[in-house]
Trainee: 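Let me begin by handing over the structure; questions about it come next.
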Amino acid sequence: MLTTALRVFILSLFSRVRVNVLLVMSGEMNFLSKFLLRISGADVIVLSEESERFYGSFIRREKVRMVRAGVDCEKFVPVSREKSAQLKEKYGFDKNKKVILHVGHLNEGRNIRQIMDLSSEYQILLVTSTLTKNEQDESLRKELTDKDNIRIIYDYIKDMNEIYQLSDVYFFPVVEKGHCIDLPLSCLEAAACGVPVVTTDYGAMKEFVGKKGFVFIDSFENTDKLVRQALDMPTGVSRESVLDYDWSNAVRILSGI
């Protein structure tokens with residue numbers, strides 16, 4: 001964070017216009033980092049209430065704004081059961097079995113190992129980042145691929161919305177700060193497609209406690225039970241909970257800053 005704070009401070013010295021900086025996650029900051037951000041005078045944009053409180057503790061609160069961003073709710077939409085079954089077959093899955101999905105970097109920090117403890121009755125799909133392919137944890141990858149019911153997609157997927165639409169549950173086990181941005185976009189995209197989300201209370205996910213379509217992990221010893229709970233939810237119920245996070249709303253707010 002010191003490097004980021006220093007960049008913001010230097011930019012503010014030479015810029016003739018007000019500096020706005022988007023900080024996508026909060027973390028440990030030393031006194032110098034906080035001092036540089038504060039005296040820079042930059043307006044800080046964040047993605048969660050947690051980060052809003054954090055940065056507001058040492059920057060004037062009026063200089064910190066939270067933006068709910070962002071998912072394209074016109075692209076990521078629910079589909080019928082029939083269409084979902086067709087998409088399962090298109091991507092090589094058994095249309096009669098449930099698919100549990102996780103999207104993100106393949107490393108230990110994301111706690112992906114927890115997905116291996118889910119019941120073998122499920123087809124588990126991991127879609128990893130193409131940008132960090134060379135940084136993947138090879139031992140973790142081997143453990144995952146040794147499981148008969150786990151499949152990993154490494155390649156770029158043009159129609160990513162179809163991956164969510166063929167899935168029955170989205171699983172997000174991240175707990176450690178720094179391994180995902182404050183507001184996991186994959187959770188929003190899954191929910192926008194009407195897919196129930198089983199998640200930790202990482203970052204901005206805390207703000208979805210009690211919202212339709214979200215099941216929170218209180219212990220990794222009962223994840224199978226939580227997945228079954230999510231599967232029993234009505235189709236498409238999660239979409240309503242993320243409509244406020246559509247990019248159109250985010251752009252309107254950002255344009256006014």
Trainee: Please determine whether residues Val77 and Val71 belong to a single hydrophobic cluster, defined as Ile, Leu, Val, Met, Phe, Trp and Tyr linked transitively by side-chain heavy-atom distances below 4.5 Å.
Mentor: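 In one cluster: no.
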
Trainee: Inspect the surroundings of NZ in Lys206 and state if more than 12 heavy atoms from other residues, nucleotides or ligands are less than 6.0 Å away.
Mentor: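 Yes, enclosed.
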
Trainee: Tell me, yes or no, whether the heavy-atom count around Glu240 atom CD, taken from other residues, nucleotides or ligands under 6.0 Å, exceeds 12.
Mentor: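 Check fails, neighbour count at 12 or below.
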
Trainee: Do Ser120 and Asn149 have side-chain atoms, one donor and one acceptor, less than 3.5 Å apart?
Mentor: no

Trainee: Would you find more than 12 non-hydrogen atoms of other residues, nucleotides or ligands less than 6.0 Å from Glu62 atom CD?
Mentor: yes

Trainee: Taking 4.0 angstrom as the limit, do Arg228 and Asp232 come out as a salt bridge?
Mentor: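 No, Arg228 and Asp232 are not salt-bridged.
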
Trainee: Are Leu6 and Val44 co-members of a hydrophobic cluster defined by side-chain heavy atoms under 4.5 Å apart?
Mentor: no

Trainee: Using a strict 4.0 Å threshold on nitrogen-to-oxygen distance, state whether Lys88 and Asp168 make a salt bridge.
Mentor: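 Here Lys88 pairs with Asp168 in a salt bridge, since their nearest N and O are under 4.0 Å apart.
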
Trainee: Considering all heavy atoms of both residues, which atom of Asp224 and which atom of Asp117 are nearest to each other, and what is their separation?
Mentor: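 Smallest heavy-atom distance, with atoms named: OD2-O, 4.0 Å.
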
Trainee: Distance alone, cut at 3.5 Å: any donor-acceptor contact between the side chains of Ser119 and Glu121?
Mentor: yes

Trainee: Do any N or O atoms from the side chain of Ser167 and from the backbone of Ile100 form a donor-acceptor pair under 3.5 angstrom?
Mentor: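 No, Ser167 side chain to Ile100 backbone: no donor-acceptor pair under 3.5 Å.
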
Trainee: Please lay out, stage by stage, how Glu207 and Ser48 fare under the test side-chain contact (heavy atoms from CB on, under 4.5 Å).
Mentor: CA-CA 8 Å; Glu207 298 160 30; Ser48 71; 3.7 Å; yes

Trainee: Look at the aromatic rings of Phe54 and Phe58 and report parallel, tilted or perpendicular, splitting at 30° and 60°.
Mentor: perpendicular

Trainee: Please report the shortest heavy-atom distance between Val103 and Arg110, naming the atom on each side.
Mentor: O-NH2, 3.3 Å

Trainee: So do Ile152 and Thr145 actually touch side chain to side chain, heavy atoms under 4.5 Å?
Mentor: yes

Trainee: Is it true that Phe76 and Leu87 fall in one hydrophobic cluster, defined by side-chain heavy atoms closer than 4.5 Å?
Mentor: yes

Trainee: Answer with yes or no whether the hydrophobic clustering places Leu185 together with Ile45; edges join I, L, V, M, F, W, Y residues whose side-chain heavy atoms lie under 4.5 Å apart.
Mentor: yes

Trainee: Run the salt-bridge test on Asp43 and Arg18 with the 4.0 Å N-O cut-off and return the result as yes or no.
Mentor: yes

Trainee: My understanding is that only one of Tyr202, Phe216, Phe172, Phe214 makes a ring pair (Phe, Tyr, Trp, His ring centres under 6.0 Å) with Phe208; could you say which?
Mentor: Phe214

Trainee: Give the C-alpha distance, both sets of side-chain angles, the deciding distance and a yes or no for side-chain contact (heavy atoms from CB on, under 4.5 Å) between Ser186 and Tyr164.
Mentor: CA-CA 9 Å; Ser186 59; Tyr164 293 108; 3.5 Å; yes

Trainee: Honestly curious: do Leu140 and Val175 fall in one hydrophobic cluster under the side-chain, below-4.5 Å linking rule?
Mentor: yes

Trainee: Quick one, Val127 and Met160 - any side-chain contact, counting heavy atoms below 4.5 Å?
Mentor: yes

Trainee: Flag the pair Leu101 / Val169 as yes when at least one side-chain heavy-atom distance between them is below 4.5 Å, and no otherwise.
Mentor: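 No; the side chains remain at least 4.5 Å from each other.
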
